[in-house]
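Written out below as structure tokens is the structure these notes cover.
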Amino acid sequence: MRRFRFGVTARIVAVLVVLGVAVFPLYWMFVTALSSNSDLFADQPRLTPDLGQFGVFVDALAEGKAAGWLLNSLIIAVGTMVLSVGLGIPLGYALSRFSFWGKAVLTVVLLFTQMLPEALMVVPLFALFRRFELLDSLTGLILVNSAFVLPIVALILKGAIDGIPKELEEAARADGARPFTTLTRINVPLIAPSIAATAVIAFFHAWNEYVFAVTFIFNPDLQPASVGIANFIGELGTPIQTVMAVAFLFTLPAVAFYLLVQKYVVSGMTAGAVKG
Amino acid sequence: MTVVEQTGVPKTTPPGRPRRRPSPLGSKWTPYLFLAPAALFILVFQAVPLVQEVYLSFTRTRLLNPTRSEWVGLDNFNRIFSDPEFHRTLLITVVYVITCVVVAIGAGLGVALLLNKKFRGRGVARALVTVPWAAPGIAVALIATWMLNAQYGIVNRFLDAVGLGVPGGAILDSSRYALPAVLATTIWQLFPFTSVVLLSALQSVPQDLNEAATVDGAGRWATFRAVTWQVIKPTVGLLALLMTIWSLRRFELIWLMTKGGPVGATETLVIDLYSQAFDSKELGSAAAIGMVGVVISLIVIIGSRLVARAVEKGDVR
């Protein structure tokens with residue numbers, strides 16, 4: 001194989017450019033949060049973070065409503081994660097291991113829900129929420145977010161269970177184990193990586209969700225961070241450094257967790273979303 | 001949860017027989033016990049609201065007084081389809097979706113090919129490149145808006161420095177540059193996913209075939225077409241489908257960056273639907289616009305299945 005020196009250099013440059021494009025906006029969020037006013041509005045912007053400004057993160061959490069927003073987001077995300085994975089495991093198991101009347105219809109429904117925009121569903125759901133007094137409640141958001149992420153969770157877990165040899169379960173069943181026991185004792189431990197991946201998907205689906213939160217929550221104390229941060233956009237009252245600090249605190253856990261489990265998430269997403 | 005079934009039934013089927021066994025998994029109700037809670041959830045929060053939305057699209061209903069709903073048949077559809085602004089919305093949606101699909105997959109493929117070569121730090125590079133995909137849409141909309149800020153945005157400062165500056169710097173306020181800016185932001189968020197998926201597809205390209213083709217004197221492009229492309233083609237098809245569905249329903253990025261403006265320049269179907277419902281408070285037209293989107297998605301999905309089937313049969317190359 002021929003390798004020119006120039007080719008190698010060009011490749012290194014290309015990789016660096018790609019990484020720069022990928023990472024720069026988040027870097028810039030960090031730099032903006034850590035900029036003094038004079039740097040921010042100077043003719044020549046400062047390109048590196050001013051670490052002396054680090055107190056902005058502490059201030060953002062201590063003063064404004066940001067800590068409350070992040071806590072609300074955390075409650076919604078954990079609730080959605082627990083509920084959707086809790087319901088998704090048995091659904092995935094049923095889809096993988098049983099043949100039953102209505103299976104084809106159910107699978108089509110699961111795939112179909114993947115294409116419904118939240119914006120379309122927000123109106124009828126609003127009516128539903130009003131009737132069941134779920135407006136202005138974190139529980140309501142947990143329920144609706146779970147319903148929206150449940151199909152993808154179930155499809156990913158179905159794929160994972162498909163990959164486990166049936167013989168393992170059959171052996172347990174021959175020893176007298178019930179289906180529920182074989183699911184929890186045999187399948188769940190074996191698909192633990194996929195469960196972790198779906199938990200991350202569910203968590204951040206709810207963590208990032210905006211449309212339902214902005215429509216169903218009126219009480220400012222119940223707003224999640226997505227709504228709080230969105231309200232910053234175009235609003236002049238808050239210092240841009242605070243805005244960016246809150247947004248950075250909102251973004252960092254999402255990125256960090258995704259990087260940890262990205263292998264499983266990506267294979268799960270493609271398998272679940274595409275093949276069904 | 002209690003599962004009622006007989007246990008300890010002796011196994012009558014010898015192992016390894018592919019025939020369907022007479023319910024070795026418990027009673028015939030067992031699967032329903034497993035799926036019932038999830039199915040109920042999806043029924044209440046997805047199926048029923050969707051049916052209501054279909055109904056709404058045939059009515060005239062105001063947001064402020066939703067109980068007074070009047071059946072108007074196809075009026076909403078007649079009205080939106082005779083509205084030139086809706087034609088523009090459709091056109092913008094098509095431009096938005098096609099650009100997202102083509103550029104996200106093209107860029108993703110380029111990055112995947114780049115990161116498929118062995119080099120030191122490849123693992124770190126692969127992880128870093130997924131950062132945009134992991135970033136929340138809200139945060140992306142916020143930082144993009146700040147970077148595109150007319151006065152202090154880094155993008156304008158950079159463009160000015162290289163002499164390509166937009167007059168006044170108001171990219172998001174310009175009906176000419178707002179859509180490209182929103183598209184660039186969307187694609188920035190999408191390309192990591194396509195590149196990671198294509199990267200895993202590239203791993204299954206047999207290296208000896210590549211080498212054989214090179215030995216036979218095939219150029220890079222010919223080798224790519226003859227070997228690599230054949231292997232990744234199904235993945236590209238699946239990504240095209242996913243990107244189409246995702247960009248058809250993408251909302252918050254566009255909404256927060258431009259609200260569909262200026263003067264409708266970035267108004268896709270979903271944006272139009274949301275502003276019909278919550279700004280104009282016309283739930284019927286909003287539902288009708290939503291139905292158009294759903295029908296487009298369905299056509300894309302069914303069409304892609306048909307194409308995939310035809311390709312499998314070898315009717316189409």
Side-chain angles (χ1 to χ4, degrees), chain A residues 14-15 18-19 22-23 25-26 28-29 32 40-41 45 87-88 90-91 93-94 97-98 100 106 109 113-121 123-125 127-128 144 146-147 150 154 174 176 178-180 207-208 210-211 226 229-230 232-233 247 250-251 254-255 258-259 262 266 270 273-274, chain B residues 1 3 5 7-8 11 25-26 30-32 34-35 37-39 41-42 45-47 49-50 52-53 66 111 114 117 125 127-132 134-139 141-143 145-147 152 154 157 192 196-197 238 242 245 249 251-252 256 270 273-274 277 283 286 290 293 297:
Chain A
V15 169
V18 167
L19 294 185
V23 176
L26 287 195
W28 197 241
M29 197 182 252
T32 307
L40 214 51
F41 304 114
L87 296 173
L91 177 56
Y93 183 64
R97 286 298 197 245
F98 298 95
F100 52 87
L106 184 61
V109 169
T113 59
Q114 300 292 301
M115 51 173 259
L116 295 177
E118 279 93 342
L120 174 70
M121 305 298 274
V123 167
L125 283 171
L128 184 86
V144 72
S146 299
L150 186 55
R178 294 168 172 200
F180 188 71
W207 183 260
N208 301 344
Y210 169 73
V211 181
S226 58
I229 291 170
F232 278 148
I233 300 177
F250 180 67
T251 306
V255 171
Y258 255 113
L259 293 188
Q262 58 148 327
V266 169
T270 37
V274 184
Chain B
M1 190 195 287
V3 177
E5 53 135 2
T7 50
K11 270 175 69 167
L25 299 168
T30 313
Y32 296 104
F34 280 107
L35 64 86
F41 236 71
I42 290 166
F45 289 103
Q46 304 253 31
L50 180 66
Q52 286 177 322
E53 196 67 8
V111 172
L114 195 64
K117 303 276 199 249
L128 282 181
V129 89
T130 54
V131 161
I138 302 293
L142 175 72
I143 188 64
T145 311
W146 169 241
M147 286 171 69
Y152 304 110
I154 183 89
R157 289 175 166 194
V196 172
V197 172
L238 295 174
L242 261 187
I245 303 295
R249 43 176 286 191
F251 175 75
E252 73 254 11
L256 293 176
V270 187
L273 134 71
Y274 194 82
L283 299 186
S297 305

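Order of the sequence lines fixes the chain letters, A, B, ..., with proteins taken first and strands second; residue numbering starts at 1 for each chain. The shown structure was predicted, so the numbers you read here are calculated from the model rather than taken from an experiment. Side chains are part of it too, since the values below use all heavy atoms of this structure and drop only hydrogens, waters and symmetry mates.
Of all heavy-atom pairs spanning B:A38 and A:L87, the tightest one is CB-O, 3.7 Å. Pairing each heavy atom of A:A230 with each of B:I138, the nearest pair is N-CG2, 4.0 Å. In plain terms, the two heavy atoms of A:A254 and B:A134 that are nearest each other are CB-O, 3.7 Å. When all heavy atoms are compared, the tightest approach of B:R157 to A:F41 is NH2-C, 4.2 Å. Listed here is the closest heavy atom pair of B:L128 and A:A22: O-CB, 4.1 Å. Between B:Q46 and A:A147, the shortest heavy-atom contact is NE2-O, 3.1 Å.
A distance of 7.5 Å separates CG in A:N208 from CD in B:E252, rounded to the nearest 0.5 Å. Rounding to the nearest 0.5 angstrom, the gap separating the OG atom in A:S226 from the CG atom in B:L256 is 9.5 Å. Taken to the nearest 0.5 Å, the OG1 atom of B:T145 stands 13.5 Å off from the CZ atom of A:F232. With rounding to the nearest 0.5 Å, the separation of CD1 in B:I245 from CE in A:M115 is 6.0 Å. Here A:Q114 contributes atom CD and B:L242 contributes atom CG; the two are 8.5 Å apart, rounded to the nearest 0.5 Å. Note that the CD1 atom of B:I42 and the CG atom of A:L91 stand 6.0 Å from one another [nearest 0.5 Å].
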Legend entry - Candidate pair A:L19 and B:V129, rule side chain to side chain contact (heavy atoms under 4.5 Å, CB included), full reasoning: CA-CA 6 Å; A:L19 294 185; B:V129 89; 4.2 Å; yes

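At a 4.5 Å heavy-atom cutoff, the contact between B:V111 and chain A is made by side-chain atoms alone. In this structure, chain A has no heavy atom under 4.5 Å from any part of B:P192. For A:V255, the parts sitting under 4.5 Å from any heavy atom of chain B are the backbone and the side chain alike. For A:L116, the parts sitting under 4.5 Å from any heavy atom of chain B are the backbone and the side chain alike.
In this structure, the ring of B:F34 has its center less than 6.0 angstrom from the ring center of A:F98.
Highest contact tally toward chain A, considering only B:A139, B:A277, B:A39, B:G137, is held by B:A139 [criterion: heavy-atom pairs under 4.5 Å]. Among the candidates A:A94, A:A247, A:A119, the residue making the largest number of heavy-atom pairs closer than 4.5 Å to chain B is A:A119.
The shortest side-chain heavy-atom distance between A:L150 and B:F45 does not fall under the 4.5 Å cut-off. For the pair A:F100 and B:L35, the minimum side-chain heavy-atom distance is below 4.5 Å.
With sequence neighbours left out, A:V211 forms a side chain to side chain contact (heavy atoms under 4.5 Å, CB included) with A:E118, A:V122, A:E209, A:T215, B:F251, B:Y274.
Proximity of a side-chain donor or acceptor of B:R249 to a complementary backbone N or O of A:L120 within less than 3.5 Å is not detected.
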